[in-house]
Structures are given as C-alpha cells and as structure tokens.
Number of protein chains: 2
Amino acid sequence: MSSASTITTSNATASTSEEAGSAAQRDRRKRILDATFALATEGGFDAVQMRAVAEKADVALGTLYRYFPSKVHLLVSALARVLERTETNTRAHEVPGDTSADRVIFVMKRITRGMQGDPRLTEALTRAFMFADASVAQEIHVVGTHLTSILTHAIRPDADEATPEDVVIARVIGDVWLSALVAWVTGRSTAAQTGSHLETAIALLLRD
Amino acid sequence: MSSASTITTSNATASTSEEAGSAAQRDRRKRILDATFALATEGGFDAVQMRAVAEKADVALGTLYRYFPSKVHLLVSALARVLERTETNTRAHEVPGDTSADRVIFVMKRITRGMQGDPRLTEALTRAFMFADASVAQEIHVVGTHLTSILTHAIRPDADEATPEDVVIARVIGDVWLSALVAWVTGRSTAAQTGSHLETAIALLLRD
DNA sequence: GCCATAATAGGAACACGTTCCAGTTTGTGC
DNA sequence: GCACAAACTGGAACGTGTTCCTATTATGGC
C-alpha cells in the first residue's frame, strides 16, 4: 500500500450521488470499489483481476458481475468516484487565482499531482476509461460531467450555471488533460512535460 | 466488406517509411496488416482475433507474434500506416483555405470523415491506441509524429520546419481530435457533434 | 412465522490473448 | 551442394475476463 496516497478513496459517511438499494447492497458496492482501489493502487490495471477483486471484497464472482458488468465498468465507476469527490472538494473551497486561466491551472495541477502520486491507480483508471466501449457510455458520461463541472467552476466560480462557451472550453481542456494523462501513463511524457503541456493549452484557450 | 471504404489500406508499390528485412518478410508483414484491416473493417476491435488474423494472413500464430508482439502493437501499427498515407496525401496536394484555422479544419474534417466511413475499423484502431501501455511507446510515437506533421503542415504550409508554437497547437488539436474520436466511437457523441466540437476547438486555438 | 422471489455463494466452463515447444522449411556462409 | 542458424508451422497449454449453473441464503408481503 502506498504510504502517502494522494487520491481520496475512503468515505466516512457515504453520501454519493447515486444511491440505491438496501444498506447491504450499498455496503457490497463500497467493498467492491474499495477492493478495486486497493488492487489498482498496488499493481495497476493488470492487478485488478476480477477474481481478486471478488475475493478481497468478500463477494462471489457472480455477485461482482451483478454489480459491475465488466472490468471496465468497474474501473470507470471507480474513476467516477474519484472525480465526484474532487468536484465536492473543489466546490467546497474557493479556488485561488485572479484569472480563469490561473484558477483552471491550479485545479488541474492539483488533480494531476494527485494522480501522479498514485501512478498505478492512475494507470488503471485511465486505461479503463480509454478502453471503454459503447456499453460503458453511461458511466463515462458521469465522469465527463464531473470533469466539466470542475472546470467550468474554476473558469467562472461565481456563476450559477456555465455558459455554453465555458462548457466548450472546459471540454477541450478535459480532452487535453485526458490525452496528457494517457501520454504520461504510457511513458511517452514525463510528469513535468505533462504539466507544462496542460498549462500551455490552458493559456492558449483562456487567453482573453 | 464495406463497399465504399474511405480509408486507404492497400498499396501498389509498397514504399513505407520503415522498410527492413527480406522481400518475404515485407510480404508477410503486409499480409498481416491487410488481414488486420479486413477483420477490423468488418467487425471492429473484437473481430481482430489473433488466431483469425494469422489464418487470414496465412501465417502461423507464432509468426504473427514474431512480427507484432501483441494485438495492440498490431493495431497501433495499422493506425500508423493509415496516418502515414494520410500525411503523404496531405503533403502531395495543396491544402485549401486562407487561414490556418480553415486549413486545419479542412484537413481534420477530411480525416474524420474518412474514419467515420469505416466506423468499425476506426473503433478498432482508436481503442487499441488508447489502450496501449508503455511497451507500445515506439509505435505510438510514430502515430503522434505523423499526426503532428499533418497538422503543422496545415497550419503553415510554406514553412520547411514547424515553429515550437505550431507544434504545441498541433498537439493540442491532436489531443482534442483523439478525445473526440473516442467519444464518437463509444457512442457518446454523434458525427456532427464530433465535427462541431473539433471545429470550435480549432477556432479557439487558431484565432489570431 | 411462512412462502415466493430475488440475491448470493461456490465453482465449472468457455473464449481469446499469449506463451511455448517439437519438427520442418528457408536462408546464408563456405 | 552442405552445414548451420534463423524463421516458420501446427498445435498444445496457460491465464484471465466472462458466462452459466445449482444450492443456499436473505428479503418482503401476508
């Protein structure tokens, strides 16, 4: 287990967006996701083996598949949980910075730093997200919504609702961020290059 | 087989960038890639099964793995072949458009239209590219090089060499394009939305 | 409390990517 | 041509994601 995990993966008083089912079901779902985080943090995508997740979560393999219909669904749901909490945190505190660009850079750098602190977990989540096919569209949409929301909030913290222009820019930044993450995960670029690329892109997009 | 394939996958007088080995070896490599295109065009990522590729290319499974050490290597190499030819075509003819943005939009729309004409092939290539891990870094780098070259050429057709600024912008556009492709492949956005998103991003990035 | 139904456990079975091996063919230096 | 190395064939075997099945255990209505 990594000693100084930077990505929050445990919850005290579970209060996630999508709640359904009995307490036992929520508990199983949580145990499964916890096991997923633990295995992914230790060994990345390959270490998240469905049999291992089931055993660690103390559920049968069939039960695991009842909750998450595939390994990719499982990992994308895990990514959604990470971003959901990031969104909550971001909205709870004021984002520092005088310009949109500064605030967005601040937020994205914090997320990126967090993910780079858990490289194997990041690899697992990123690759799953990118490998997803149409059947995972719903889970992916949740991830995209959180990401866009985090970014539009950083662009215009006072607004209740984001303008269409902001949403477009936020999406582009999200695209660049994901691509940068993929490049970093696959060893094509260093952490420094990733940060610099992201910063340049944000400066280009928010230069008004 | 799709009747009006828009992505060029056949070559008359093979003259690719990376040539090595005997004629027989080049022939095998070509047969393998041809089989890959055929299977991917018909059934997408899942239909590109290593045993099926080997059989269609008339080589043993072990030989296939000698040429391409994994399914992802195989598909990313196929993507590299597509982009290599696109680059050749793009550089052969003058790109229409008065501004950088117009030219880039023209080029990207042509590529995008081509890929959308072969949705299953596109799905196979895109997902493989995105799923690649560090061991595929070399093949991925080839893809990135071609893409950047296509884009910098569209931005500044007369220049012999791209400026660092152009390269950065080209990379960002490439990032957006890939993300848009993923969104389209996974059914999260329509072809029209993909084109519009790309166009907006390019306009934002090349608005000077 | 009792029944009907759904959910879970436990594990076998299957598919496909990947590895490995023994035997055969092809290519190369002499 | 010959000897040797490299490449190729055909196929078995293994690991992991996924599916399926039966027995057992919670759950909710009466």
Side-chain angles (χ1 to χ4, degrees), chain A residues 20-33 35-36 39-40 42-78 120 123-125 127-136 139, chain B residues 20-33 35-36 39-40 42-78 120 123-125 127-136 139:
Chain A
S22 67
Q25 283 174 334
R26 261 178 322 208
D27 189 51
R28 276 205 179 80
R29 189 186 157 87
K30 179 182 180 311
R31 285 210 311 274
I32 291 171
L33 284 175
T36 304
L39 289 168
E42 276 180 47
F45 187 87
D46 291 341
V48 182
Q49 299 185 358
M50 299 305 268
R51 290 173 180 86
V53 172
E55 192 180 355
K56 193 151 198 150
D58 206 35
V59 298
L61 190 55
T63 306
L64 171 54
Y65 273 94
R66 160 175 276 274
Y67 280 79
F68 299 95
S70 79
K71 175 171 174 174
V72 170
H73 282 83
L74 174 60
L75 283 167
V76 174
S77 298
R120 291 172 202 284
E123 184 250 7
L125 300 182
R127 288 182 64 203
F129 183 84
M130 289 308 193
F131 189 56
D133 69 1
S135 73
V136 202
E139 286 80 358
Chain B
S22 67
Q25 283 173 334
R26 260 174 320 192
D27 190 51
R28 276 205 181 80
R29 188 184 157 88
K30 180 182 179 310
R31 286 211 311 275
I32 291 171
L33 284 175
T36 304
L39 290 168
E42 276 181 47
F45 187 87
D46 291 341
V48 182
Q49 299 185 358
M50 298 305 269
R51 290 174 179 87
V53 172
E55 191 180 356
K56 193 152 199 147
D58 206 35
V59 298
L61 190 56
T63 306
L64 171 54
Y65 273 94
R66 159 175 277 274
Y67 281 79
F68 299 95
S70 78
K71 175 171 174 173
V72 170
H73 282 84
L74 174 60
L75 284 168
V76 174
S77 298
R120 291 171 203 284
E123 183 249 7
L125 300 181
R127 287 182 65 202
F129 183 84
M130 289 307 192
F131 189 56
D133 68 2
S135 73
V136 202
E139 285 81 358

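Every chain is numbered from 1, with letters handed out A, B, ... down the list of sequences.
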Rounded to whole Å, the CZ-P distance (A:Arg29 to C:dA7) equals 16 Å
From CG of A:Asp27 across to P of C:dA7 the rounded distance in Å is 17 Å
Of all heavy-atom pairs linking A:Glu123 and A:Gly44, the shortest is OE1-CA, 3.4 Å
In whole angstroms, the gap separating C1' of C:dT18 from CZ of B:Phe131 amounts to 14 Å
Scanning both residues in full, the closest heavy-atom pair of B:Leu75 with B:Leu125 reads O-CD2, 3.5 Å
Overall bend of the helix from C:dG1-D:dC30 to C:dC30-D:dG1 (five pairs an end, 10° steps) is 30°
CD of A:Gln25 to CG of A:Asp27, rounded to nearest 0.5 Å, is 11.0 Å
Residues A:Arg120 and A:Glu42: closest non-hydrogen pair is CD-O, 2.8 Å
Query raised in the report: Checking side-chain contact (heavy atoms from CB on, under 4.5 Å) for the pair A:Val53/A:Leu61: CA distance, chi angles, key distance, verdict?
Result: CA-CA 8 Å; A:Val53 172; A:Leu61 190 55; over 6 Å; no
Per the under-4.0 Å heavy-atom filter, residues of residues 50-58 of chain B near DNA chain D come out as B:Arg51, B:Asp58
So the ring-ring contact (aromatic ring centres under 6.0 Å, His included) pairs with at least one residue in residues 42-77 of chain B (sequence neighbours excluded) are A:Phe131-B:Phe45
One should read off an interatomic distance between A:Asp46 CG and A:Arg127 CZ, to the nearest 0.5 angstrom, of 6.0 Å
Separation of C:dC16 atom C1' from B:Leu39 atom CG, nearest Å, is 14 Å
When rounded to whole Å, the CG to P distance for the pair A:Leu75 and D:dT16 reads 16 Å
So CE of B:Met50 and CG of B:Leu39: to nearest 0.5 Å the spacing works out to 11.0 Å
Residues passing the salt bridge (Lys or Arg N to Asp or Glu O under 4.0 Å) test with B:Asp58, sequence neighbours excluded, are none
So, with a heavy-atom separation below 4.0 Å from DNA chain C, the residues of residues 61-73 of chain A are A:Thr63, A:Arg66, A:Tyr67
Sorted by chain and residue number, the side chain to side chain donor-acceptor pair (under 3.5 Å) partners of A:Thr63 (sequence neighbours excluded) come out as none
Rounded to whole Å, CZ of A:Arg28 lies from C1' of D:dT25 at a distance of 10 Å
Whole-Å distance, A:Gln49 CD to D:dC14 C1', equals 13 Å
On a heavy-atom basis, the closest approach of A:Ala57 and A:Arg31 is O-NE, 2.8 Å
